[in-house]
Amino acid sequence: MKVLHKPTCITCKKAITEIQRMKTDIEKRDFFKDPLSEAELKKIIKMSGKTPSEFLRKRDKMFKELDLGNSKKTDSQIIKLMVKYPGLIMRPIVISGNKAFVGKFDSKNLK
């Protein structure tokens with residue numbers, strides 16, 4: 001199981017602790033130090049069944065600065081912005097098999 005996270009994020013820490021309790025092998029990646037490529041992000045979004053705009057962290061300061069709440073950006077533009085500003089990406093992202101879970105999730109769904 002892979003966890004894409006930010007080490008200082010409380011939600012990420014809780015998710016990692018929860019997965020470790022499940023005695024599952026876990027591969028962690030800090031996507032601020034080791035950024036996601038556009039192709040990786042597109043694949044993860046597809047695996048989650050969500051849209052790129054559902055991956056946006058609305059509390060991130062760049063969300064407000066870029067006025068993403070009011071703009072009509074294409075999926076491709078949103079993905080490019082998330083690659084450029086990783087703080088915009090909702091976290092953690094947990095990849096289990098061919099599924100991706102983003103943000104707060106129920107660990108029962110991971111099995």
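- Listed by first and then second residue, the salt bridge (Lys or Arg N to Asp or Glu O under 4.0 Å) pairs that reach into residues 43-53 come to none, sequence neighbours excluded.
- Across all their heavy atoms, Ser96 and Phe101 have their closest contact at CB-CE1, 4.4 Å.
- The hydrophobic clustering, which links ILVMFWY residues whose side-chain heavy atoms are closer than 4.5 Å, places Val94 and Leu56 apart.
- Listed by chain and number, the residues in a side chain to side chain donor-acceptor pair (under 3.5 Å) with Asp25 amount to none (sequence neighbours excluded).
- Evaluation of the salt bridge (Lys or Arg N to Asp or Glu O under 4.0 Å) test over residues 66-91, restricted to residues two or more places apart or in two chains, returns Glu38-Lys80.
- Residues Met90 and Ile93 come closest through the heavy atom pair O-CG1, 3.7 Å.
- For Glu65, the side-chain contact (heavy atoms from CB on, under 4.5 Å) partners at least two apart in sequence or on another chain are Lys61, Met62.
- Counting only heavy atoms from C-beta outward, the side chains of Met47 and Lys99 never approach each other to under 4.5 Å.
- Rounding to the nearest 0.5 Å places CD1 of Ile19 at 10.0 Å from NZ of Lys28.
- Put simply, the side chain of Leu88 reaches to within 4.5 Å of the side chain of Leu68, judged on heavy atoms.
- Annotation: side chain to side chain donor-acceptor pair (under 3.5 Å) contacts of Ser53 (sequence neighbours excluded): Thr51.
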May I have the list of side-chain donor-acceptor pairs in residues 1-11 shorter than 3.5 Å, sequence neighbours left out?
none

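- Residues meeting the side chain to side chain donor-acceptor pair (under 3.5 Å) test with Ser71, sequence neighbours left out: none.
- Note: Lys14 NZ to Lys104 NZ = 6.5 Å, rounded to the nearest 0.5 Å.
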Show which side-chain atoms of residues 29-36 pair as donor or acceptor with protein atoms under 3.5 Å away, not counting sequence neighbours.
residue : atom : partner : partner atom : Å
Arg29   : NE   : Asp34   : O            : 3.1
Arg29   : NE   : Asp34   : OD2          : 3.3
Arg29   : NH1  : Glu40   : OE2          : 2.8
Arg29   : NH2  : Asp34   : O            : 3.2
Arg29   : NH2  : Pro35   : O            : 2.9
Arg29   : NH2  : Glu40   : OE1          : 3.2
Asp30   : OD1  : Phe32   : N            : 2.8
Asp30   : OD1  : Lys33   : N            : 3.4

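- With sequence neighbours excluded, the residues that form a side-chain contact (heavy atoms from CB on, under 4.5 Å) with Arg21 are Thr17, Glu18.
- Using a 4.5 Å cut-off on side-chain heavy atoms (C-beta onward), Phe55 and Ile78 make no contact.
- Residues Ala100 and Ile44 approach most closely at CB-O, 3.6 Å, considering heavy atoms.
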